[in-house]
Amino acid sequence: MPALAVATIVLGTMLTTFGISFDIQWHDDVGPDTFFTLSHLMLYAGSALEGLASLAMVLLTTARQRRGDAAPAFAGGPPVRVLGARFTAPLGYLVAGVGAALFLMFGALDLAWHSVYGFDAVLNSPPHIALFLSITLTMVGSIIVCAAASTRWWGRVGIVLGAIVLMAFAPLTARAFDGLPLPFDTRVAGTCFATVTTLIVLGAVLKRSGSMLALAAAFGMLQAILWPWSTWAAHAYADSSGLPLRDGLTGEPPSLPSSLPLFVVVAALCLELAFAVARQRRLGQTTAFMLGGSAAGIVVSVTLLLQTVLFDPTESILTDQYISAGITGLVLGAVSGFLGARLAVLLTMPQAATAGRRVSSSRTVLSTGVTS
Amino acid sequence: VTASARRPWRRRLAAAVSLGLLTGSGAVVASPANAYELVGVVHTENVAAGPYDLTVGFSVWPVRAMQSLDITFSPEGGIADKTGTLAVVGVGADPDLTGPLARHPRKLEVWGLDVIAISAPGTYSLDFVIDGEEGRGAGSLPELTVLAQPGPPLALSWAVCALPFVALVALIGVAWGRVRPSRYRLDL
């Protein structure tokens, strides 16, 4: 049952990611919008799957707990008593379920928004950003679920799939800052932070040398699939609906896939080197992660600007923008390094609890289990 | 009637309802062209672009900041033998709105902007250049007034919609406070 729930929740996050890419491309290339479009259906179905899987696991865990039968920690993470201790929810499913419930709530708010402001003219309206944040929360929940089961093969597969959709989706939330007069590019900042933090957390959870490179390769595969998918789905759906494509389309690359960083493998290589240094204890873990994070951040931020010129030669990026992106990557990469190591500790604590080893001193070493 | 006798009937009903929902939703999803709202023009303005008379139609009037609307551009004699460009000029004008005039996706016989919004109130101008059999003509709708946004203050909307972010930060904060992860070193 835990494996089925993981598969369902990861499938939900995948549906959401493919749905949002399809939907953005539909708006770019075709246009007309209603509530009942196939891309919207994919988005809602993804959240529904995640919500139902989470609800089922909370009810199952509660039933087991009432029978006096403790659920294993790999089934979604440590149990949390909620709603006056009436229910026992595995932490990961609690977070994913709350995200799915917030998605429903803000979906209703989005409808109310439409009644005042009309159909969606922009991607970054407040309710849209709330929907993106809710989905991100669900994806974080799916990572907690999979991390709790990372000793099992399906947990490891789930965590990689969950991480790549999080890396693809989470930067959309940075669109909230579009148009604000900030001294840096918020899209670059969002992409850099989501990419580097996720790589470090996953590298620390999976532990194996090369795991971040594997994650980067999987992210590249997702991008390679989303690329033709988004355009094909929008155009095929327009064709089947009898709607023409917009006039003046010039063969621009699909919006979401082309906004994903292309050079994540290089960033992952920087982080693999930092992890190798930390493993050999040449530097403290935090220092190594922050240095590696900065290098990876610079790679992601600067190449993100470079690839816009690569896809659209008429686009011009000024030297100042590259410098700003480099500084953004340097700073946010260091922050990701600091946070990533600690978030990985939080994610691996359930495993420590399962292993039955105690965490006591300030010099404890955390591993799959914990040794002092 | 016993409970066991009711079950097949209930199953048949459940199956029928499920099938109905599936086919109903499938029909709606499969034929979206029928579901899209037509462009309803509630206000028009006339612009002379050289030798061409152009009717500019608005689906919402007056225009308010952030409120979406369709704008149609209909030259006398149709668009078949003409091309043109549009420039939207003003403090909150999206640069993407400036460019070649394209058919409106839901009203293909005229040019148009499909579900757009002007982000800030103020005075804007719509400037046209049209090429056709009678040569090139330029014209402008010089004073398009965009009123303040409808609805609650934007800060309130953002505060409500930041709730999932607050939930995420609270989750990490609580976990951080309980575990205090800085005390631990990862076994890599």
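Quick note on labels: first sequence line is chain A, next is B, and so on, each numbered from 1. Reckoned from all heavy atoms, side chains included, excluding hydrogens, waters and symmetry mates.
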TODO: May I have the step-by-step check of side chain to side chain contact (heavy atoms under 4.5 Å, CB included) for A/Tyr117 and B/Arg64, ending in yes or no?
DONE: CA-CA 9 Å; A/Tyr117 290 95; B/Arg64 293 178 189 278; over 6 Å; no
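Heavy atoms closer than 4.5 Å to chain B are found nowhere in A/Ser209, neither backbone nor side chain. Using a 4.5 Å cut-off between heavy atoms, A/Leu206 does not touch chain B at all. With a 4.5 angstrom heavy-atom cutoff, A/Pro127 touches chain B via backbone and side-chain atoms both. When heavy atoms are compared at a cutoff of 4.5 Å, A/Phe119 approaches chain B by way of both its backbone and its side chain. Interface remark: A/Leu131 contributes no atoms to any contact with chain B (heavy atom separation under 4.5 Å). For B/Leu171, the part lying under 4.5 angstrom from a heavy atom of chain A is the side chain only. Contact annotation for A/Arg246: only side-chain heavy atoms (C-beta onward) come within less than 4.5 Å of a heavy atom of chain B. If you measure heavy-atom distances from B/Leu108 to chain A, the contacts under 4.5 Å come from the side chain alone. Residue B/Val160 touches chain A through both its backbone and its side chain, counting heavy-atom pairs closer than 4.5 Å. For chain B, the nearby parts of A/Ala176 are the backbone and the side chain; heavy atoms of each come within less than 4.5 Å. Contacts between B/Pro150 and chain A at a heavy-atom distance below 4.5 Å involve backbone atoms as well as side-chain atoms. The part of B/Leu154 that comes within reach of chain A is its side chain, from C-beta onward, which places non-hydrogen atoms under 4.5 angstrom from that chain.
Rounding to the nearest 0.5 Å places CG of A/Leu109 at 7.5 Å from OG of B/Ser157. Expressed to the nearest 0.5 Å, how far SG of B/Cys161 lies from CZ of A/Phe132 amounts to 12.0 Å. A/Phe289 contributes atom CZ, which lies 4.5 Å from atom CG of B/Leu188 (distance to the nearest 0.5 angstrom).
For a heavy-atom cut-off of 4.5 Å, chain B lies close to A/Leu137, A/Val140 in residues 135-142 of chain A. Scanning residues 70-80 of chain B against chain A with a 4.5 Å heavy-atom cutoff picks out nothing at all.
Annotation for B/Leu163 and A/Met105: closest pair CD2-CE, 4.0 Å, computed over non-hydrogen atoms. Residues B/Leu186 and A/Ala204 come closest through the heavy atom pair CD1-CB, 3.8 Å.
Heavy atoms of other residues, nucleotides or ligands lying less than 6.0 angstrom from CZ of B/Arg180 number 12 at most. For CZ of A/Phe177, the number of neighbouring non-hydrogen atoms (other residues, nucleotides, ligands) closer than 6.0 Å is 12 at most. Residue A/Gln280 places its CD atom among more than 12 non-hydrogen atoms of other residues, nucleotides or ligands, all under 6.0 Å distant.
With chain B as the partner, the residue from A/Val116, A/Val30, A/Leu343 showing the most heavy-atom pairs under 4.5 Å is A/Val116. For the set A/Ala130, A/Gly99, A/Pro126, the count of heavy-atom pairs under 4.5 angstrom toward chain B peaks at A/Pro126. Chain B forms the most heavy-atom pairs under 4.5 Å with one residue out of A/Gly248, A/Gly203, A/Ala341, A/Ser125, and that residue is A/Ala341.
The shortest side-chain heavy-atom distance between A/Ile129 and B/Phe165 does not fall under the 4.5 Å cut-off. Looking at heavy atoms from C-beta onward, B/Trp111 lies out of side-chain contact with A/Asp247 at the 4.5 angstrom threshold.
Side-chain N or O atoms of A/Arg342 include none that pairs as donor or acceptor with a backbone N or O of B/Pro181 at under 3.5 Å.
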